[in-house]
Number of protein chains: 2
Amino acid sequence: MNFQVRKQKILEKLDQSGVIDVKETAVALAISEITIRRDLAVLAEDGLLIRTHGGAMKVSLSQVPVSFAQKSAVNAGQKDEICRLAAQQIQEGDVVFLDCGSTVFRMCPFIRNMNIKVVTNSLPVINELMGSMVSLNFAGGEIDVERQAAHGKIAAEHFGKYRADKAFVGVDGISLQNGLSASSEKEAEITMALCHNAKAAFFLCDSTKLEKDRYLPFAPLNFVQHLITDSSASDELLEEYRTLGIRVFK
Amino acid sequence: MNFQVRKQKILEKLDQSGVIDVKETAVALAISEITIRRDLAVLAEDGLLIRTHGGAMKVSLSQVPVSFAQKSAVNAGQKDEICRLAAQQIQEGDVVFLDCGSTVFRMCPFIRNMNIKVVTNSLPVINELMGSMVSLNFAGGEIDVERQAAHGKIAAEHFGKYRADKAFVGVDGISLQNGLSASSEKEAEITMALCHNAKAAFFLCDSTKLEKDRYLPFAPLNFVQHLITDSSASDELLEEYRTLGIRVFK
DNA sequence: TTATTTATGATTATTTTTGAACAAAATTAA
DNA sequence: TTAATTTTGTTCAAAAATAATCATAAATAA
């Protein structure tokens with residue numbers, strides 16, 4: 001086994017477990033420890049890993065986290081439908097707020113080539129739009145690892161510093177009776193911040209979330225101006241929303 | 001069997017397994033090793049494969065990673081040395097500012113398992129530390145795609161909202177005569193913002209940047225309290241920095 | 001045909017890679 | 001802290017691979 005093969009195996013193992021051990025690796029690759037050490041020295045010099053006593057640790061260079069991409073694949077068909085509609089509302093030159101939901105994340109492919117400015121608290125959105133035509137602005141603050149987004153007072157305040165033409169927010173729950181509801185205070189706070197500082201707010205809501213209430217109601221239905229949903233939504237129900245003055249896209 | 005036929009077989013085998021071995025190939029093609037070597041030399045010359053000691057590998061296997069990772073891998077050995085020293089200055093519970101340079105990025109693996117709070121304007125740092133023990137806070141603002149970081153007034157102000165125990169910033173240039181200098185105003189602005197709001201500022205500077213001036217001087221040398229460099233730095237030079245009251249780590 | 005070029009193989013010197021031994025350095029345990 | 005253990009760096013030797021050189025066989029041209 002030559003160096004090239006060993007290099008592959010070492011990096012592969014490192015990528016899986018994060019750290020490796022000289023002894024274990026020597027046994028695994030059936031080669032002497034001194035050779036493993038020399039290999040690690042070369043790889044460390046190339047910046048592919050960081051040498052530690054007795055082994056090495058990885059420099060994970062995965063720019064786009066995987067977990068979020070997987071989650072956003074749930075109900076992909078319906079979400080894409082909604083996102084296409086949402087993207088159609090955007091015009092060149094717009095300043096757009098995007099929230100950190102998995103639905104809104106899927107708007108990215110549809111707006112990549114638009115000459116617009118996006119302000120968002122979502123790291124996946126930033127990562128996804130990096131290198132696109134879109135000019136980016138991130139709402140700073142404490143990072144919520146699970147949601148991969150900035151939350152809290154500072155993040156909410158950030159949106160207050162800008163004035164957007166349009167805000168696009170995902171909806172956790174909406175009902176005729178109780179209006180908007182969220183599964184966490186963090187979500188609700190950011191949603192309100194986005195909407196207050198945008199000329200128009202578009203609520204993205206796939207049909208499974210219509211007439212669903214979450215534990216925290218945070219805004220009455222008349223707060224909603226534009227609602228975007230998918231083709232599976234019941235027309236009778238949407239008509240009821242329309243009679244309340246909400247513009248519904250489907 | 002002529003060269004054309006052998007070439008086909010060699011490339012085919014290489015495509016299947018990724019790497020090949022001179023001896024095996026010689027046996028497989030029933031031809032001498034020296035001829036195989038000559039074949040490989042020709043193919044390597046044409047860029048169809050990469051010659052290794054004892055064989056060859058596919059071109060795709062030797063491909064380098066993405067842009068920021070590439071940059072952070074330059075002088076990786078020296079940078080890691082510096083970063084290890086830098087990480088040793090951090091204590092559990094600290095609030096730490098990290099800037100967006102490629103040197104500071106390499107601190108990440110050393111602080112992953114620390115119970116600290118990191119405030120940074122660097123997206124790679126956030127991505128790298130996501131899912132670690134570290135609590136994260138991103139300095140929002142306009143995103144500079146090239147640097148993969150937030151810059152400008154808003155980002156600088158963000159650091160002003162917090163008080164850090166320690167700030168770690170990369171140095172573009174430093175000299176006894178002209179102090180600190182940067183290659184862009186953006187860099188300088190963020191550096192100053194970090195340092196002003198931290199109890200102690202550590203300047204990370206590999207030995208190649210010592211006594212180098214960049215086009216924009218932005219702070220005198222007495223602004224520097226702590227300087228961290230690598231073992232290649234000249235002791236006589238560092239002594240001069242020390243006599244000026246700077247604490248030098250090496 | 002013969003002369004010339006080209007491809008291949010064998011031999012040997014050189015270089016590269018690998019492993020072993022042991023002192024130095026770093027880490028861990030006491 | 002000091003002592004014990006582990007890991008690493010260094011030096012050297014063996015093994016493997018390569019490059020250089022020359023010789024032979026095959027293909028090509030005159």
Just the rounded figure in Å: distance from P of C:dA26 to CD of B:Glu81.
12 Å

Does D:dA16 have its OP1 or OP2 closer than 4.0 Å to a side-chain nitrogen or oxygen of B:Arg37?
no

Residues A:Arg51, B:Asp80: salt bridge by 4.0 Å N-O rule
no

Can you say whether the rings of B:Phe203 and B:Phe223 are parallel (under 30°), tilted (30 to 60°) or perpendicular (over 60°)?
perpendicular

Does the side chain of A:Thr35 get closer than 4.0 angstrom to OP1 or OP2 of C:dG19 through an N or O atom?
yes

How many whole angstroms separate atom CD1 of A:Ile20 from atom C1' of D:dT7?
15 Å

Atom CD1 of A:Ile34 and atom C1' of D:dA13: how far apart are they, to the nearest Å?
14 Å

Just the rounded figure in Å: distance from P of D:dA16 to CG of B:Asp21.
12 Å

Do the two ring centres, one from B:Phe159 and one from B:Phe97, sit under 6.0 Å apart?
yes

How many whole angstroms separate atom CG of A:Asp39 from atom P of D:dG9?
14 Å

Once you measure the plane-to-plane angle for B:Phe138 and A:Phe138, does it fall in the parallel (<30°), tilted (30-60°) or perpendicular (>60°) bin?
perpendicular

Report yes if at least one side-chain N or O of A:His53 is closer than 4.0 Å to OP1 or OP2 of D:dT7; otherwise report no.
no

It should be established whether A:Arg38 places a side-chain nitrogen or oxygen under 4.0 Å from OP1 or OP2 of nucleotide C:dG19.
no

Check this one for me: any side-chain N or O of B:Lys23 less than 4.0 Å away from OP1 or OP2 of D:dA16?
no

Could you state the CG-P distance from A:Leu40 to D:dT8, rounded to the nearest angstrom?
8 Å

Could you state the atom-to-atom distance from CD1 of B:Ile31 to P of D:dA26 in whole Å?
13 Å

Taking CD from B:Glu33 and P from D:dA17, how many angstroms apart are they, rounded to a whole number?
7 Å

